[in-house]
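The block underneath contains the structure these notes are about, expressed in C-alpha cells.
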2 protein chains.
Amino acid sequence: MDAYHTDAWAALGDPTRRAIFERLATRPSAVGELANALPISRPAVSQHLKVLKDAGLVVDRPAGNRRIYRVDPAGVAHLRKELDRFWSSALAAFKVAAEHNEEGDS
Amino acid sequence: MDAYHTDAWAALGDPTRRAIFERLATRPSAVGELANALPISRPAVSQHLKVLKDAGLVVDRPAGNRRIYRVDPAGVAHLRKELDRFWSSALAAFKVAAEHNEEGDS
DNA sequence: GCTTACCGTAAGTGGATGCTTACCATACTG
DNA sequence: CAGTATGGTAAGCATCCACTTACGGTAAGC
C-alpha cells in the first residue's frame, strides 16, 4: 500500500501533466473538459490521466455518461512525505556545507 | 535572473539525477567519484551534471586536477519556492473538496 | 617533456514518450 | 431502436532521452 507503480516525480516532470494535475486540484473535471482547455487532443489527455492515475495522484469516478477525475488525497500525502524526506536529506548536509562556506579545504 | 534554462522538476524527474543531487547534497564530490558510486559511466554522469547545472541546481568549481560539484543554494531556494506555490495552489481547492467528502451530489 | 589522471564533448544507438488519427464500447436522448 | 456524446485503447510516428565508446584538452607526477 506504500508502493506505487510509477514515480510521482517523473509523472509530474511533464509540464502538461503538471497543468492537468493543478487544474484537477482546482476543480474535478471530465476528460473532454480538460482536453477542451488544453492544446492537445482528448486521447492525449486520457493517456496523461492514465499516467497520473498509475502514479496514484488522481482517481476517477464514472458520472453517468462522463468520467470525473480528481486529485487523490493518499497520493498527494505520499508525495508530500517523499518531498519532505527529500528536502530534509538534501538541506541537512547542505546547511552544514554553508557553514564551511568561508573556507574549509585548507 | 528568475528564469532558468530548463525545468528543475523535469531535471529531478530522472531517478539517476535525483540520486546524484541527493549525494551532492550530502557531500560535494568530483565527477569520477560520483561515477564510481553509480552504475553508469563517467560521461553519463557528466551529462546528468550538465542538466542539473542547466537547471540551476548545482554549481561546479575546478579544484586542481578535478572538478567539484555541489548543490546551488539559489537553485534550491527557487525550487523550494516553486514547490510551495505548487502545493498551495493544489491543496487549497483540494481541501475544499475534502470537506465535500461526505456526500454532496445525491 | 612524457606519461598518467581527470573530465567535457561529439557521435551513435536502443528504448521510452508524447502526440496524432482510427476504432470500439458504453451511456444518455429522441 | 437509431443517433449522439463521451472516453478508453490500438496503431503509427516523430522526437527525445539516457547511455555507451571514442576523442581532445588541461592539470599533476616522474
Below 3.5 Å between N/O atoms, which protein atoms pair up with nucleotides 1-3 of chain D? Just atom names and distances, please.
none

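- Residues that satisfy the side-chain contact (heavy atoms from CB on, under 4.5 Å) test with B:Val31, not counting sequence neighbours, are B:Arg42, B:Val45, B:Ser46, B:Leu49, B:Tyr69.
- In the hydrophobic clustering of this structure, A:Leu79 does not group with A:Val59; members are Ile, Leu, Val, Met, Phe, Trp, Tyr whose side-chain heavy atoms approach within less than 4.5 Å, directly or through other members.
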**OP:** Heavy atoms under 4.0 Å is the rule here; annotate nucleotides 19-30 of chain D 5' to 3' with B where the base is hit, S where only the sugar-phosphate is, and - elsewhere.
**Re:** BBBB----SS--

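- Of all nucleotides in DNA chain C, those with any atom nearer than 4.0 Å to a heavy atom of chain A start and finish, going 5' to 3', at C:dG18 to C:dC28.
- Between B:Arg67 and B:Glu33 there is no salt bridge, since no side-chain N of the basic residue sits under 4.0 Å from a carboxylate O of the acidic one.
- Applying the side chain to side chain donor-acceptor pair (under 3.5 Å) criterion to B:Arg23, with sequence neighbours excluded, gives no partner residue.
- Here D:dC30 sits opposite C:dG1 as a Watson-Crick or G-U wobble pair (both hydrogen-bonding atom distances under 3.5 Å).
- Between D:dT6 and A:Tyr69, no contact under 4.0 Å exists linking OP1 or OP2 to a side-chain N or O.
- Here D:dT9 presents its C1' atom at 13 Å from NZ of A:Lys53, a figure rounded to the nearest Å.
- Between B:Phe21 and A:Phe86, the ring-plane angle classifies as parallel under the 30° and 60° cut-offs.
- Taking hydrophobic clusters as Ile, Leu, Val, Met, Phe, Trp and Tyr residues chained together by side-chain heavy-atom distances below 4.5 Å, B:Val76 does not share a cluster with B:Val51.
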Original post:
A:Arg17 and A:Glu22: salt bridge (Lys or Arg N to Asp or Glu O under 4.0 Å), yes or no, with the steps?
Top reply: CA-CA 8 Å; A:Arg17 268 188 306 258; A:Glu22 286 195 83; over 6 Å; no

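- Distance CG (A:Asp60) to P (D:dG7): 11 Å, rounded to an integer number of Å.
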**OP:** Take B:Arg18 and A:Glu82 through the salt bridge (Lys or Arg N to Asp or Glu O under 4.0 Å) test and state the conclusion after the steps.
**Re:** CA-CA 12 Å; B:Arg18 264 205 306 272; A:Glu82 194 163 344; 5.2 Å; no

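- For the pair B:Ile68 and A:Val51, nearest-nucleotide mapping onto DNA chain C gives the more 5' position to B:Ile68.
- The distance from the CD1 atom of B:Ile68 to the CG atom of B:Asp60 is 10.0 Å, given to the nearest 0.5 Å.
- Between the CG atom of B:Leu49 and the C1' atom of D:dC17 there is a distance of 16 Å, rounded to whole Å.
- Expressed to the nearest 0.5 Å, how far CG of A:Leu83 lies from CG of A:Leu12 amounts to 9.0 Å.
- Not counting sequence neighbours, A:Arg66 has no partner by the side chain to side chain donor-acceptor pair (under 3.5 Å) test.
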